[in-house]
Amino acid sequence: LPPYLRQYIYLAFGKLYGVNFEDVLVEDINQFRTFNQFFTRELKDGARAIDAITDEKTMCSPCDGSVLSFGEVDTMKCTIDCIKGHDYRLDEFLFGFQTDKRNEDQHKRITMVERILDSAKDRGNKVMYCVIYLAPQDYHRYHSPTYFVANYRRHIAGYLEPVMPSYLKNHKNVLKENERVNLLGEWSHGFFAMSFVGALNVGSITLHFDDVLKSNIKVPEAPYIQDKNYTLLMNQEDSLNVHGN
């Protein structure tokens with residue numbers, strides 16, 4: 001953006017959507033050369049204080065945003081519910097396809113999601129989910145919500161439809177059809193997963209520890225689903241950087 005226009009554009013956007021400029025690390029917003037730099041602005045130290053940061057059994061919000069839904073993953077349907085009446089199979093959401101029950105050699109084939117649920121049940125735990133929506137005024141970076149070991153990444157290429165709640169109400173399959181990056185691993189209570197879902201004008205997903213990941217590619221050269229294995233310990237101060245582009 002031309003220097004003489006930047007400040008006016010950012011201030012107008014902030015006024016329209018309610019951006020809190022007091023939290024922004026860079027005081028001279030004219031230093032943001034592109035709108036994307038402004039959109040993914042860093043915050044001042046202490047702007048988001050974390051309580052009990054050394055307690056590995058606690059969790060904080062991974063981002064600014066509004067909670068759309070939360071609850072327990074149903075052990076029969078294996079679904080998450082984003083907007084009332086719009087549920088998703090967890091296997092399709094995390095892995096990009098549905099896994100079916102079959103009998104092979106008189107032994108029941110157990111799906112990946114069923115393994116997750118059975119493991120939690122054996123530990124006396126439940127598998128819970130939470131869907132958080134980042135509005136245009138929000139700080140557009142994600143952070144680790146707890147101490148967890150990331151073992152596996154699945155990148156599912158897809159569409160970039162809007163994800164605002166009003167749009168989701170009338171478009172049922174957005175969250176399973178949009179491009180997303182899923183991190184799977186473990187924390188102190190067992191299985192743990194984080195999913196970053198791209199959206200219209202917010203399609204580039206960047207993980208600071210993964211220079212192989214390439215999202216928001218118009219004509220992908222790689223297959224539809226991309227995987228990578230990790231052994232990374234994440235904590236609540238780690239930035240996972242989801243960018244708008």
Side-chain angles (χ1 to χ4, degrees), residues 1-51 60-69 82-83 130-145 155-171 174-175 177-181 183 194-211 213-220 236-245:
L1 296 173
Y4 58 88
L5 286 179
R6 294 173 192 167
Q7 185 170 348
Y8 297 105
I9 293 175
Y10 301 147
L11 290 175
F13 178 87
K15 185 175 182 179
L16 177 64
Y17 288 104
V19 174
N20 184 359
F21 286 97
E22 294 182 359
D23 285 343
V24 181
L25 178 63
V26 177
E27 294 184 0
D28 181 9
I29 60 175
N30 213 48
Q31 294 184 29
F32 296 121
R33 299 178 63 184
T34 66
F35 190 83
N36 187 57
Q37 290 180 3
F38 168 72
F39 202 58
T40 58
R41 58 197 176 271
E42 292 185 80
L43 301 184
K44 296 177 181 177
D45 290 340
R48 300 291 182 273
I50 301 174
D51 190 29
C60 67
S61 175
C63 60
D64 284 355
S66 302
V67 175
L68 296 185
S69 65
C82 178
I83 298 293
C130 181
V131 181
I132 304 176
Y133 165 65
L134 273 73
Q137 73 270 17
D138 290 325
Y139 160 70
H140 268 68
R141 298 192 182 207
Y142 283 89
H143 299 264
S144 174
H155 173 205
I156 303 172
Y159 301 106
L160 291 173
E161 294 187 69
V163 295
M164 69 275 288
S166 59
Y167 188 86
L168 293 178
K169 286 181 180 179
N170 299 315
H171 298 81
V174 172
L175 291 191
E177 293 181 347
N178 270 23
E179 182 164 16
R180 58 195 180 277
V181 174
L183 291 180
M194 287 188 70
S195 181
F196 314 99
V197 182
L200 182 67
N201 296 323
V202 193
S204 295
I205 302 172
T206 303
L207 303 179
H208 74 84
F209 52 82
D210 187 347
D211 55 3
L213 175 64
K214 304 294 181 184
S215 63
N216 197 19
I217 301 175
K218 291 184 179 180
V219 185
Q236 292 167 309
E237 293 180 304
D238 284 331
S239 171
L240 302 180
N241 296 356
V242 175
H243 289 176
N245 208 355

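Fair warning: this is a prediction, and the values are worked out from it, not measured in the lab. FYI, side chains are in, hydrogens and waters are out, and symmetry mates aren't considered; it's all heavy atoms of this structure.
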Below 4.5 Å, heavy atoms only, C-beta onward: do [X] and [Y] meet side chain to side chain?
X    : Y    : value
V174 : V197 : no
F38  : V24  : no
Q137 : D64  : no
V26  : E42  : no
C63  : D138 : no
F196 : L207 : yes
H140 : L134 : yes

Can you tell me how far [atom2] of [Y] sits from [atom1] of [X], rounded to the nearest 0.5 angstrom?
X    : Y    : atom1 : atom2 : answer
S195 : I132 : OG    : CD1   : 11.5 Å
L43  : L25  : CG    : CG    : 8.0 Å
M194 : L183 : CE    : CG    : 7.0 Å

Please check if the side chain of [X] supplies one atom and the backbone of [Y] the other of a donor-acceptor pair under 3.5 Å.
X    : Y    : value
Y10  : F32  : yes
R141 : T40  : yes
N178 : L175 : no

Give a yes or no on whether [X] atom [atom1] has more than 12 heavy-atom contacts from other residues, nucleotides or ligands under 6.0 Å away.
X   : atom1 : value
F21 : CZ    : yes
D28 : CG    : yes
R48 : CZ    : yes

Checklist entry - Is D23 salt-bridged to R41, going by a charged N under 4.0 Å from an acidic O? => result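 Looking at D23 and R41, the cut-off is not met.
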What heavy-atom pair brings [X] and [Y] nearest, and what distance separates the two atoms?
X    : Y    : value
S144 : C60  : O-SG, 4.4 Å
G203 : S215 : O-OG, 3.6 Å
E161 : E177 : OE2-OE1, 3.8 Å
A199 : V163 : CB-CG2, 3.7 Å
F39  : P136 : CE1-O, 3.4 Å

Check residues 2-9 and write down every donor-acceptor pair under 3.5 Å in which the side-chain atom is one partner and the other belongs to a residue at least two apart or another chain.
unit_1, atom_1, unit_2, atom_2, d
R6, NE, L1, O, 2.7
R6, NH1, N30, O, 3.0
R6, NH2, L1, O, 3.2

Checklist entry - Using 30° and 60° as the class limits, which term best fits the ring planes of Y139 and H143: parallel, tilted or perpendicular? => result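 Geometry flag for H143 against Y139: parallel rings.
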Item to check | Partners meeting ring pair (Phe, Tyr, Trp, His ring centres under 6.0 Å) with Y133 (sequence neighbours left out) | outcome: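 Partners of Y133 by the ring pair (Phe, Tyr, Trp, His ring centres under 6.0 Å) criterion come out as none, since no residue qualifies.
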Checklist entry - side chain to side chain contact (heavy atoms under 4.5 Å, CB included) with V181: which of D210, I205, T206? => result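 When D210, I205, T206 are each tested with V181, the side chain to side chain contact (heavy atoms under 4.5 Å, CB included) holds only for I205.
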